[in-house]
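Note that ligands are numbered from 1 as they come in the structure, with each ligand's atoms numbered from 1 the same way.
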Amino acid sequence: MATTRVPLISGNWKMNHNHFEAIQTVQKLGYLLKDTLKEAGVIEVTVHPPFTDLRSVQTTLESDNIAIGLGAQNCHPEPKGAFTGEVAAGMLAKLNVSYVIVGHSERRELFGETDEFVNAKVKAVLAAGMTPILCVGETLAEREAGETADKVSGQVAAGLAGISDDKAATVVVAYEPIWAIGTGKVATSEEAQTVCGDHVRATIADRFSIGIAQAVRIQYGGSVKADNIADLLAQPDIDGALVGGASLNADDFAALVQAAVGS
Ligand code: PEP
């Protein structure tokens, strides 16, 4: 029997929107998407605001009955302790956060996060009952050197190391070629499909099983917009998108979600 994977569109706001702006954005999204989101099992949408906005966005989504999931952009692997400035996975779960982005390339590049640290975060997110969105992807230099397959497969294997089969099946992997993030350069649908299918899903099949690989949702990320989402989702191994710039404005993000549903 073929596995049905509900597409997941996630808006990564990065360090944008204070909590007032966040409330306005999700209220407008709720209004623009109320018909699109009312049918269960068609599409899943999440927003990932900065930590300071999470409580406000949580209460807005819940009080206005907006069918958008709450996500975070990061967490620390330890449950508590002397880690000034950090936030534990359990603290996010208490705010009804359901998805946590882990290992985004900006965190790997700007904050020195290693595969081992990212793997510890994946485990912490799962232990707290949430779903990690594990980000992987190659730089332009790595792509040009023919290293995409090794880099992406290595990050997937390391990020999911030591995870039980039942948990692995619930994970989301976001393939984000670093050269396409925030640059306006999008990988062609065929390029994205090759990596998502031949490297991400195949690595999961190799490390776990074909059944688990078929259950895992794989997002593409990198300059996704309303006008390219349909082509990407038409690929057999692309099950959604991690969206940066085009998720900040409610009109743009709603148009993107609507284009995804229409695809
Ligand atoms: C991202 O940061 O995850 C991302 C994909 O950004 P953008 O959509 O702006 O390229």
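- Close approach of ligand 1 to G222 (heavy-atom distance below 4.0 Å) involves ligand atoms 5 (C), 10 (O).
- Considering backbone and side-chain N/O of S223, one or more are found under 3.5 Å from N/O of ligand 1.
- By the 3.5 Å distance cut-off applied to N or O atoms, A246 is not counted among the residues near ligand 1.
- When only interatomic distances are considered, the shortest N/O to N/O separation between G244 and ligand 1 falls below 3.5 Å.
- Between the side chains of Q73 and W13, no donor-acceptor pair is found at a separation under 3.5 Å.
- Within the 6.0 Å centre-distance limit, the rings of H76 and F117 are counted as a close aromatic pair.
- Near N12, the atoms of ligand 1 lying under 4.0 angstrom from a non-hydrogen atom of the residue are 2 (O), 3 (O).
- Against a heavy-atom cut-off of under 4.0 Å, K14 is close to the following atoms of ligand 1: 1 (C), 2 (O), 6 (O).
- Listed by number with element, the atoms of ligand 1 under 4.0 angstrom from any heavy atom of G182 are 7 (P), 9 (O), 10 (O).
- Atoms of ligand 1 found under 4.0 Å from any heavy atom of H104, numbered from 1 in the order shown, are 1 (C), 2 (O), 3 (O).
- Applying the 4.0 Å criterion to heavy atoms of G245 picks out, from ligand 1, the atoms 7 (P), 8 (O), 9 (O).
- Taking a 6.0 Å sphere around CD of E39, one finds it holds 12 or fewer heavy atoms contributed by other residues, nucleotides or ligands.
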Margin query: For K121 and N74: C-alpha separation, side-chain torsions, deciding distance, then whether side chain to side chain contact (heavy atoms under 4.5 Å, CB included) applies.
Written below: CA-CA 9 Å; K121 291 187 189 203; N74 184 31; 2.6 Å; yes

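- The protein non-hydrogen atom at the shortest distance from atom 3 (O) of ligand 1 is E176 OE2, 2.7 Å.
- Contact atoms of ligand 1 toward A180: 10 (O) (distance under 4.0 Å to a heavy atom of the residue).
- At a 4.0 Å heavy-atom cut-off, ligand 1 touches I181 through backbone and side chain alike.
- Within a 6.0 Å radius of CZ in R207, other residues, nucleotides and ligands contribute 12 heavy atoms or fewer.
- Side-chain polar atoms of Q219 and S10 form a donor-acceptor pair below 3.5 angstrom.
- Under 4.0 angstrom from ligand 1, there are no non-hydrogen atoms of S247.
- Atom NE2 of H48 is separated from atom CG of L54 by 10.0 Å, given to the nearest 0.5 angstrom.
- Atom CG of L140 sits in a crowded spot, with more than 12 heavy atoms from other residues, nucleotides or ligands closer than 6.0 Å.
- Rounding to the nearest 0.5 Å places CG of L134 at 14.0 Å from OH of Y175.
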